[in-house]
Amino acid sequence: MQTRRKTLKHSAIVAGLLATTGLFPHYAFAYNKPAFEAKSVAEVLKALGAGAPVESKDVTIGGPDIAENGAVVPLTASTALPGVKHILLLVEKNPSALVALFNVTDSVEANFATRTKMGQSSDVYAVAIMNDGKALFAKKEVKVTLGGCGG
Amino acid sequence: MKKIVFMLALAGLAATAANAQKSAAVLAIEEYRAMLADGNPSELFEAKGEDLWKQKRGPKNASLEQCDLGQGPGVVKAVFVTLPRYFADTNRVQDLESRLLTCMESLQGFNAADIAKTPFGKDEQKNVTALATWIAAASRDMKFNLPQVHAKEQAAYEVGKRLFFQRGGPHDFSCASCHGADNWRIRLQDLPNLTKNPGDGVGFAAWPAYRVSNGQMWSMQLRLNDCYRQQRFPYPGFGSDATVALGVYLGVNSQGSKSAAPAIKR
Amino acid sequence: MKKQHAFALSALASLLVAGCATGPSTADLDQMAATVVKSSFSDKGIVKVSAIAPEDINVACTAADVAGKPLDPAVAEALQAAQLKSIKWPADGNYMGDWKAGEKLAQSGRGLTWSDKADTANGGNCYNCHQLDPKEISFGTIGPSLTGYGKTRGVIADPTSTASKAIIEYTWGKIWNAKAYNACSVMPRAVHKGIITEKQAKDLMALLLDPKSPVNN
Amino acid sequence: MADPMRIRAKAEGDKATVRVLMSHEMESGQRKDSTGKLIPAMHINEVTASHNGKVVMTAEWGPAVSKNPFLQFNVKGAKAGDKVAITWKDSKGDTRTDEATVS
């Protein structure tokens with residue numbers, strides 16, 4: 001790990017690079033609004049142009065059985081299969097199901113962890129969309145307790 | 001990932017050995033907490049606090065690098081575990097946050113009374129919390145060792161003890177109503193017994209902490225403030241003698257325990 | 001800020017000078033604590049500092065807690081007797097309300113904090129400390145489990161027996177004013193202090209004692 | 001300006017595990033303010049990761065990612081001394097880039 005001061009100095013340089021050279025034109029991706037506004041898991045996949053999802057043992061969803069607080073629920077999605085285009089994390093009962101979409105390249109493992117908000121107990125999904133458009137998924141239930149005094 | 005698995009294994013072992021009657025729900029909650037501990041957003045506040053300490057700010061355009069937190073001007077390492085303590089220049093027992101206000105006033109020219117009156121999470125109050133987070137982090141895993149030498153330090157402990165047991169408000173609650181015995185829980189939340197040493201990284205030794213419920217960083221002052229709110233007590237002034245004396249009572253009780261601050265809490 | 005602290009600390013300093021090597025007495029320290037309370041707390045929202053004005057029973061229990069010794073039994077009995085007088089018994093002899101309303105009340109821990117509004121509906125705070133409906137996994141352990149309350153005490157099998165009547169009355173009294181039975185109980189005096197109404201107390205009675213209540217199933 | 005990120009990148013075998021904390025409200029669009037008005041959504045919606053200047057991963061996020069987001073992923077072939085940079089952009093157009101050295 002490096003010190004904070006270094007981070008700051010470097011970040012200024014990197015930010016400058018990004019601004020001046022337009023380093024990532026190829027990756028100037030459009031935020032997929034319809035997918036993030038879709039209500040159900042099926043609608044999300046439709047918005048992304050993927051096929052009907054098939055449950056697969058090769059995809060893994062990780063998360064707690066019970067989340068003490070729905071504001072922060074740690075989730076992981078991964079697969080060791082080759083030819084993955086996107087990895088998605090979804091919460092079925094959220095107002096919009098899609099939480100995050102990761103665009104996979106050959107340089108990273110198809111294995112991501114982040115934290116999500118959950119309004120209530122729900123099934124959570126990890127979906128791997130393959131290069132051929134096939135969608136493979138794994139799901140698990142996460143119970144959300146409010147905890148505390150409610151005061 | 002490996003770290004998470006390791007922590008889970010540890011939590012599982014400790015649970016089976018120490019507390020066989022723990023329900024599946026409690027074990028699942030422990031698993032959840034272990035997952036969160038790996039990647040604590042308090043690090044963001046630490047980074048900000050370090051910046052604020054070194055930055056020239058305020059009407060006097062000065063940094064806090066000459067601030068004396070008890071071990072001499074500028075010493076940050078290991079000071080947190082000796083606070084609250086008596087300071088000769090103010091002739092008061094002060095905790096970390098009230099001492100920071102003193103430094104922000106004397107070195108930087110801020111108005112300490114104004115900052116004390118600012119709501120938590122706003123303006124300079126927000127900065128005090130970030131500073132406290134960074135300073136606490138510089139004592140991580142060190143043992144609490146509050147001085148009880150000066151007469152005012154000894155008196156503050158006794159006053160803090162009386163405040164801890166003071167019953168009042170519509171519910172007759174005191175701090176001890178929740179934190180007065182072993183193995184107590186409100187809903188699913190474990191409540192440390194703070195009438196004695198609750199152990200490493202528990203109770204006083206766990207704040208400042210990041211609260212996942214609201215995504216806020218809470219210093220000890222805010223922790224005590226919200227305890228009093230839930231106790232249905234009136235409002236304790238920021239850095240007031242009551243909050244500092246309570247800090248002395250809790251800190252001295254935690255003598256010898258390791259600080260886990262900045263921690264992460266539900 | 002400085003002025004406010006100078007107040008409490010000058011009181012402290014003079015006591016220290018007078019106290020010499022042995023340090024301040026218990027009474028001195030009690031006085032210091034009272035002074036600190038006065039200088040530290042202020043009104044906020046619906047909560048006024050008068051809410052923590054000393055009351056005999058609380059002062060006695062706080063002192064016992066600080067000393068680490070239980071109240072003198074005679075003092076405790078006198079305090080309990082005084083609290084017992086505050087309890088109103090239902091004029092029509094009907095103790096039972098609606099267990100569903102009771103469950104809702106038991107779940108809520110809201111009300112009476114400085115961030116609540118005056119018209120916030122106060123909760124009963126029950127699940128904070130007690131287990132009730134066995135299906136609710138989020139319950140506290142400060143108080144005993146009340147799961148099966150009416151069933152295990154025989155009230156459901158024979159609600160009109162002498163034993164059942166005594167349990168019903170005790171339960172009512174405990175909800176109304178817990179300190180009538182244990183002066184230094186950590187349980188609030190729910191109806192006596194206006195946290196809940198008499199009608200709500202009946203709903204809690206039903207939650208504990210109604211044969212259809214989830215507590216007894 | 002947005003507060004800095006915390007990035008830790010640790011090499012292990014033939015890959016590096018990157019762990020990132022970002023300072024952001026991630027306003028969900030579901031919350032109401034004290035007057036009862038809905039607070040509009042405002043959240044990070046694009047994340048880009050690069051390894052020694054080459055983009056290795058991009059992500060799109062909705063408002064359901066938690067406040068002060070955490071992200072963990074593994075970069076293949078990254079070793080100690082390599083640079084890992086992260087950029088986020090939010091729905092208001094605010095952006096932030098930070099870089100760390102793999103340890």
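Small disclaimer: the values here were computed from a predicted structure and weren't measured. Chain letters run A, B, ... following the sequence lines, proteins first and then strands; every chain starts at 1.
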Task: Aromatic ring pairing W172(C)/Y95(C), orientation class (parallel under 30°, perpendicular over 60°, tilted between) - done: perpendicular
- [ ] Describe, in one word, how the ring planes of F41(C) and Y228(B) are oriented to each other, choosing from parallel (under 30°), tilted (30 to 60°) and perpendicular (over 60°).
- [x] perpendicular
Open item on the list: When you measure from the SG of C67(B) to the SG of C103(B), is the result less than 2.5 Å?
Closed with: yes
- [ ] Count the heavy-atom pairs under 4.5 Å between each of G168(B), S174(B), A181(B), P170(B) and chain C, then report the option with the highest count.
- [x] P170(B)
- [ ] Look at G160(B), G169(B), C178(B), S177(B) and state which one has the largest set of heavy-atom pairs under 4.5 Å with chain C.
- [x] G169(B)
Open item on the list: So for D182(B), is it side chain, backbone, both, or neither that comes closer than 4.5 Å to the heavy atoms of chain C?
Closed with: neither
Task: Residue I29(B) versus chain C: region with a heavy atom under 4.5 Å - done: neither
TODO: Run the salt-bridge test on E55(C) and R189(C) with the 4.0 Å N-O cut-off and return the result as yes or no.
DONE: yes
Task: Residue, of I46(C), D43(C), V47(C), that accumulates the most heavy atom pairs under 4.5 Å with chain B - done: V47(C)
Which portion of [X] sits near chain B, non-hydrogen atoms under 4.5 angstrom:
X	value
I195(C)	side chain
S185(C)	backbone
Q131(C)	neither
N122(C)	neither

Task: Candidate pair C184(C) and C61(C), rule disulfide (SG to SG under 2.5 Å), full reasoning - done: CA-CA 6 Å; C184(C) 296; C61(C) 292; 2.0 Å; yes
